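The structure under discussion appears below in the form of structure tokens.
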Amino acid sequence: MGRRKSSKARLCTICGEPMRKNGTTSSGRQRWRCMRCRASSAGDGGNARGSAEFRAFLVWVTGRMTLAQAAAMLGVSPRTFIRRIQWCDTGSRAAYTRLFSRLPAPRALVTDGGAGCAAAAADTWKDTRIQRCLVHVLGNTRTDLTCRPRTDAGKDLLRLAGKLVKVRDADAAAAWLNLLNDWHTRYADIIDQRTTARDDPGNPKARAGRTWWVDPRPVETRLLPVHPPAT
């Protein structure tokens, strides 16, 4: 279990997360270090390098500056620039909030599904519609099912995911949802598979008081029939 951050901890000026004490300077001033973006500061001096990296990152992702031009702001090569700004895209709610607060609210935001991005958008842009990227949905589905599922349920679900990226209007979306509901109905016996504490009393989840849990095996493996078909 991680150490609880003090309520008096300094907030990082880069990503907004609480910082931790990190020794002292030669003059005795307290040093602080952010464990998320690795920025550091001492006293009231701030973190010049981290601020410069974050400014360059913002200019690059929100404007028309090329990668080479953004790298020139820090006096480094494009490859070094990418390495230096990796911490700026941590995906945390605080990091996205800091980014979004500097941008005008768009009519719609398409995200990869990260919780930090969606939460920050909801906090900062109250009237913006948030849409999950359908290409990312398809990619996540392929990760779970593999590109060559072995079961009928997996094959049908992968085909259904492929149709999702072709949805263009409300009517097509409603039709796709009907197909998804049909899939759930067709394979309900497989989807509803559960492990109960009574069947596996030695499982840590049972000892923790859980009465049932979803089978932890990979999705494609779980979609295999409980009993192999007769031959």
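Only a predicted model underlies this, so the values are computations on that prediction, with no experimental measurement involved.
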Practice task
Starting from the C-alpha separation in whole Å, work towards a yes-or-no answer on side chain to side chain contact (heavy atoms under 4.5 Å, CB included) for Leu109 and Arg129.
Solution key: CA-CA 6 Å; Leu109 173 69; Arg129 296 181 60 182; over 6 Å; no
> Shortest non-hydrogen contact from Ala68 to Pro78?
Replying inline: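 Closest heavy-atom pair between Ala68 and Pro78: CA-CG, 4.2 Å.
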If you look at every heavy atom in Ala52 and Leu74, which pair is closest and at what distance?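 Heavy atoms only, the tightest pair is O-CD2, 3.7 Å.
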Output the distance between atom [atom1] ([X]) and atom [atom2] ([Y]), rounded to the nearest 0.5 Å.
| X | Y | atom1 | atom2 | value |
| --- | --- | --- | --- | --- |
| Lys205 | Thr211 | NZ | OG1 | 12.0 Å |
| Glu53 | Met73 | CD | CE | 11.5 Å |
| Arg207 | Asp200 | CZ | CG | 9.0 Å |
| Lys166 | Leu138 | NZ | CG | 10.5 Å |

- Query: Are any of the side-chain nitrogens in Asp152 or Arg186 under 4.0 Å away from the carboxylate oxygens of its partner?
  - Reply: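 Judged by the 4.0 Å cut-off on N to carboxylate O distance, Asp152 and Arg186 do not form a salt bridge.
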Beyond-backbone contact of [X] with [Y], side-chain heavy atoms, under 4.5 angstrom:
| X | Y | answer |
| --- | --- | --- |
| Asn140 | Arg132 | yes |
| Arg150 | Lys155 | no |
| Gln69 | Thr66 | yes |
| Gln131 | Thr111 | no |
| Val137 | Leu164 | yes |

same_hphob_cluster([X], [Y]) at 4.5 Å side-chain heavy-atom cutoff:
| X | Y | result |
| --- | --- | --- |
| Phe100 | Val110 | no |
| Val165 | Leu177 | yes |
| Trp60 | Leu103 | yes |
| Tyr96 | Ile130 | no |
| Ile82 | Val59 | no |

Using a distance-only test with no angle check, is there a side-chain donor-acceptor pair under 3.5 angstrom linking Asp144 and Thr141?
no
Inset, instruction - List the steps and the verdict of side chain to side chain contact (heavy atoms under 4.5 Å, CB included) for Leu157 and Leu145. - result: CA-CA 9 Å; Leu157 185 58; Leu145 296 175; 3.9 Å; yes
Under a 3.5 Å distance rule, please check whether [X] uses its side chain to pair with a backbone N or O of [Y] as donor and acceptor.
| X | Y | value |
| --- | --- | --- |
| Thr146 | Arg142 | no |
| Trp176 | Leu160 | yes |
| Arg198 | Thr195 | no |

Can you pull the side-chain hydrogen bond (donor to acceptor under 3.5 Å, both in side chains) pairs that have at least one residue in residues 115-126, sequence neighbours excluded?
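Sorted pair list: Arg93-Asp123.
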Kindly indicate, with the supporting measurements, whether the criterion side chain to side chain contact (heavy atoms under 4.5 Å, CB included) is fulfilled by Arg107 and Thr128.
CA-CA 5 Å; Arg107 294 178 59 186; Thr128 295; over 6 Å; no
Among Asp156, Asp182, Thr151, find the one that has a side chain to side chain donor-acceptor pair (under 3.5 Å) with Tyr187.
->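 By the side chain to side chain donor-acceptor pair (under 3.5 Å) criterion, Tyr187 pairs with just one of Asp156, Asp182, Thr151: Asp156.
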Asn181 atom CG: more than 12 heavy-atom contacts under 6.0 Å: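 Correct, the count exceeds 12.
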- Query: Does Thr80 have any side chain to side chain donor-acceptor pair (under 3.5 Å) partners at least two apart in sequence or in another chain, and if so, which?
  - Reply: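 So Thr80 forms a side chain to side chain donor-acceptor pair (under 3.5 Å) with Ser77.
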